[in-house]
Amino acid sequence: MDMKRIITLLATLVIASVAYAQTDTPVVFDTQGDNLGISIAGFNISLGEDDRSSNAQKPKRVSTNFAGISYGLNVLTNEPNYGNWTDEPNFMTDDIGAGRLGIEAMGIQVSLDRKGNVFFKASLNVSIDMYRFKRAMTLINEDGGALMPEPISGVVKKSKMVTTYVGVGAGFGFKLSRSVKLTLDFNVDALTGSYVKYKNPSKTKYDIAGFNNIRYRAGAAISLRDFGIYADYSLTPLFREGVGNDGRVLSIGIRVGF
């Protein structure tokens, strides 16, 4: 029990005693404003501020988070090959073996109304995308910079290419209920690494060029507390023009901690 409640209890006992001894003594409680006071026979007793209103927590307008993870399935839209790839069949795995691991390293959320039903969100993101080839192959850069597919001989367990992007995202969110949120965002990513690797039988890795260095993405997510699902579409082709497939990547998956 805090000091204010002790004082209030003591004052109540005194008042009861006085009221019992002097039935004609007026007792008045005054709770106007933030002060709680008692008037007895013309004598005023101040008990300080009434903390009933001050204890009410106001919603935070600005909040930050430093841990968010997403994992999804990458699908390369079925676009024709051109340039050096004209005679190649679609080399990407259909819906299997292609995935994205996303990490939200740092994020900030700013409420745009008092109740936090509408908010602005910005974040720093890292995404690692993996694409598995349908058949055993690798990619090589020719002298002129062109990217060419090259079959791999022998027994190959896996052959795939991996890209890593670092970027920033911004968007708006809407609180649909106390625990359900909808977010719409736009991301700008910069390529930091790209390589092809396979096991034949030992792990072999080759750095390659030919991907777009800047990537633009638009996405949406719906979440229940800290768990949600997302859909994200790349507005930029995976490869630079004239290098490979003109497809764009659609990623669908789950998010935790966003």
Side-chain angles (χ1 to χ4, degrees), residues 70-103 105 124-169 185-219 230-253:
S70 62
Y71 184 77
L73 176 71
N74 282 352
V75 179
L76 184 67
T77 57
N78 189 17
E79 298 288 343
N81 299 322
Y82 53 85
N84 297 321
W85 300 63
T86 302
D87 297 330
E88 282 289 324
N90 191 355
F91 61 95
M92 304 299 296
T93 303
D94 291 334
D95 304 342
I96 299 176
R100 170 179 297 170
L101 173 63
I103 301 172
L124 175 64
N125 308 301
V126 178
S127 61
I128 302 171
D129 291 358
M130 184 270 291
Y131 307 90
R132 187 173 176 179
F133 298 122
K134 283 184 177 179
R135 57 190 178 90
M137 59 176 289
T138 185
L139 302 176
I140 59 172
N141 287 110
E142 293 185 330
D143 294 337
L147 190 62
M148 285 290 294
E150 183 177 88
I152 303 173
S153 59
V155 179
V156 179
K157 294 181 180 179
K158 293 180 181 179
S159 61
K160 58 186 177 181
M161 63 181 185
V162 180
T163 62
T164 302
Y165 286 87
V166 176
V168 293
D185 54 27
F186 181 81
N187 296 267
V188 180
D189 303 325
L191 181 70
T192 60
S194 56
Y195 60 88
V196 172
K197 67 178 183 179
Y198 60 92
K199 295 181 179 180
N200 188 24
S202 61
K203 183 177 180 180
T204 306
K205 176 179 174 181
Y206 295 100
D207 293 326
I208 57 173
F211 297 92
N212 270 307
N213 292 324
I214 302 296
R215 179 177 70 178
Y216 302 98
R217 296 181 291 120
Y230 78 90
D232 180 282
Y233 183 73
S234 177
L235 305 175
T236 307
L238 180 62
F239 295 101
R240 294 200 304 265
E241 184 177 357
V243 172
N245 187 287
D246 194 30
R248 292 163 172 79
V249 177
L250 171 65
S251 183
I252 302 174

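Not measured: the values here are computed from a predicted model. Side chains included, hydrogens not; waters and symmetry mates left out as well; all remaining heavy atoms used.
- Listed for the N212 side chain is a donor-acceptor partner under 3.5 Å among the backbone atoms of F239.
- Judged as a salt bridge (charged side-chain N to carboxylate O under 4.0 Å, His left out), and not counting sequence neighbours, the contacts of R100 are D129, D232.
- Remark: side-chain polar atoms of T192 are paired, donor with acceptor, to backbone N or O of T164 under 3.5 angstrom.
- Qualifying side chain to side chain donor-acceptor pair (under 3.5 Å) partners for S234, counting only residues two or more places apart in sequence or in other chains: none.
- Considering only residues two or more places apart in sequence or on other chains, N187 meets the side chain to side chain donor-acceptor pair (under 3.5 Å) condition with N125.
- One distance of note links OH of Y71 with CG of L101; it measures 8.0 Å at 0.5 Å rounding.
- By the side chain to side chain donor-acceptor pair (under 3.5 Å) test, T236 pairs with no residue at all, sequence neighbours left out.
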List the steps and the verdict of side-chain contact (heavy atoms from CB on, under 4.5 Å) for Y131 and N74.
CA-CA 8 Å; Y131 307 90; N74 282 352; 3.8 Å; yes
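- Remark: the backbone N or O of K160 is not paired with any side-chain donor or acceptor of R132 at under 3.5 angstrom.
- Within a 6.0 Å radius of OH in Y216, other residues, nucleotides and ligands contribute 12 heavy atoms or fewer.
- For L250, the side-chain contact (heavy atoms from CB on, under 4.5 Å) partners are Y233, I252, not counting sequence neighbours.
- Scanning all heavy atoms of the two residues, the minimum distance from S159 to I152 falls at CB-CD1, 4.3 Å.
- Every residue meeting the side chain to side chain donor-acceptor pair (under 3.5 Å) condition with Y230, not counting sequence neighbours, appears here in chain and number order: S251.
- Annotation: Y206 is not in aromatic contact with Y195 [ring centroid separation under 6.0 Å not met].
- Smallest separation of non-hydrogen atoms from F211 and M161: CZ-SD, 3.5 Å.
- Heavy atoms only, all atoms of each residue included: L124 and G167 are closest at CD1-O, 3.4 Å.
- Using a distance-only test at 3.5 Å, with no hydrogens or angles considered, a donor-acceptor pair links the side chain of S194 to the main chain of I208.
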